[in-house]
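Below is one structure, written out as structure tokens, with a few remarks after it.
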Amino acid sequence: MNAPKKLIVEYEDGTRQEAAFGRLSSAGQAELSALGLCEAGAADAGKKYLLLEWKDGWKEIAAVGGRAVEILRYYTIERTEEIGRLSMETADGNPELLFIKRLPGRLESILFIDGDGLQAYALEEKAMVKEGGKTEHYFYDKKRSEFKMKEPTAASARYTALVDSLKSTLEKKGITVSGLLAMSKRDRIPIYKEIARTLGLRGAEREQDVYDFLTVALEKPRNK
Amino acid sequence: MAIELKWVGIDFGQCMMDPTGLRNHLVVGDVSKEMGEPELVEERIHKYRVLKEKYGSYSIVKEGHRDEIMSYVFDGREEAREIFSAKEQEHLLMGSGLEEALRYLTAEGIHLSVVAELKKTLGAMGTDIVTRFLQTKGLARYFEDVVTPQGKIDLKDGSVDLSYKGKTKEQGTLYDELVQSLLRRGISPSDGAMVGDKIATDIEPAKKRGFITIQYTGYIDMGPSEADYRIDNFFELKDLIKKKV
């Protein structure tokens, strides 16, 4: 097998960044394999396999790293997990679904920002549904009359406050909005990092989402 | 009938401090997000779980292998160290009814100490997990000192009495020193009580030295013991204890 060694990313300006291929997660390696950029299972050399057999006859194969020599332990954890499910209605199909893992029951509000407008949602538990061992706590549900969105002015005020603090942070650094937006995306990143830290904005799943949001906020400071 | 006491010592880990809130998605997740790396949350949680398998429990990993958390889980990122400690504190909880009980006991005029198995060498106040917890949760004002195998920390001035150094709860040597210290203040062991969850470190050695023992079962119930009393939450201390005059 011709094992891949490096992953090289080339940018518009011709510069390149590279990283060892082995640093990619197995999911990342699988995606590259699907794109035909490496052989399937490129990082799987020397892997060992587990045959898992259940009492009901079900069988599964799991691959483990070549360094594994024996089972250390097997145990199960039983606890009540609280996971937030945030679904968004879409214009043309199935809802988009996001999982909220960080203190889901303490999420207080959501501001939905798109290119054309803003919507603010105050979250307050107003309904509970028990099904067997599962309990669902409803903090917002468009289909239930007891839940209401905040007044449009509340959404606008919150967005304006955020944009204002963003601008004031930039001013303190002696950077103009137009100057920042004129920079290449790569050059903006260190500035965006600092701004995000100052404003207390963190990426839920991808840091790039924070940078993209900041660009939108700077480009559309008067979203309605 | 209430027991009359002049001094109460309370264990720290899984007793005063309830680690229920220390979920990996909160601590490892928050640290990674704080460092601008939300993409690495799942991978780091996996690595943290690997360390737990390696050493047997998260408390062992945190107490004895903190450097490995930084090097293995957080890829040697030095900034993770302080954020990790801060997030850990932020998500630690207090045992149910703790503050109410402490308020009651201090109002009664009962002297209070934290008696903890701290393994890490002491630094300035607030740099170890116990005093940091007391400060963060606003509990330091209720206690006179923190008794540990690293020394006894005076919470009023931060000074450390090293006569406790190297003495442990499990061997009982820490309680021997505590008995001498209390006797010098006119408090006999039978006027004192030790509250804790671990039979081998909080109950048996303390009882052997004449302390009244109260087994706390609010986080983990370690099973039957020779403890004089059992409590499921700290509210129960209000009914159980009153000041000896």
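As the structure is a computational prediction, the values presented were derived from the model and not from experiment. Chain letters run A, B, ... following the sequence lines, proteins first and then strands; every chain starts at 1.
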Those residues that, when tested against E96(A), pass salt bridge (Lys or Arg N to Asp or Glu O under 4.0 Å) (two or more places apart): none

At a heavy-atom separation under 4.5 Å, does L103(A) approach chain B through its side chain, its backbone, both, or neither? both

If you draw a 6.0 Å radius around CH2 in W54(A), do more than 12 non-hydrogen atoms from other residues or ligands fall strictly inside? yes

side-chain hydrogen bond (donor to acceptor under 3.5 Å, both in side chains) partners for S87(A), two or more places apart: none

Sequence neighbours excluded, which residues qualify as side-chain hydrogen bond (donor to acceptor under 3.5 Å, both in side chains) partners of E89(A)? K142(A)

Just list the donor-acceptor pairs under 3.5 angstrom between chain A and chain B, please.
| unit_1 | atom_1 | unit_2 | atom_2 | d |
| --- | --- | --- | --- | --- |
| R73(A) | NH1 | E53(B) | O | 2.8 |
| R73(A) | NH1 | E53(B) | OE1 | 2.7 |
| R73(A) | NH2 | E53(B) | O | 3.4 |
| Y75(A) | OH | K52(B) | NZ | 2.9 |
| Y75(A) | OH | E53(B) | OE2 | 2.2 |
| E81(A) | OE1 | R23(B) | NH2 | 3.3 |
| E81(A) | OE2 | R23(B) | NH2 | 2.9 |
| K101(A) | NZ | E42(B) | OE2 | 2.9 |
| R102(A) | NE | D30(B) | OD1 | 2.7 |
| R102(A) | NE | D30(B) | OD2 | 3.2 |
| R102(A) | NH2 | D30(B) | OD2 | 2.8 |
| R202(A) | NE | E34(B) | OE2 | 3.3 |
| R202(A) | NH2 | E34(B) | OE1 | 3.4 |
| R202(A) | NH2 | E34(B) | OE2 | 3.0 |
| E205(A) | O | E39(B) | N | 3.3 |
| E207(A) | N | E39(B) | OE2 | 2.7 |

So with a 6.0 Å cut-off around CD1 of I71(A), is the heavy-atom count from everything else above 12? no

Heavy-atom neighbours of E53(A) CD exceed 12 at 6.0 Å: yes

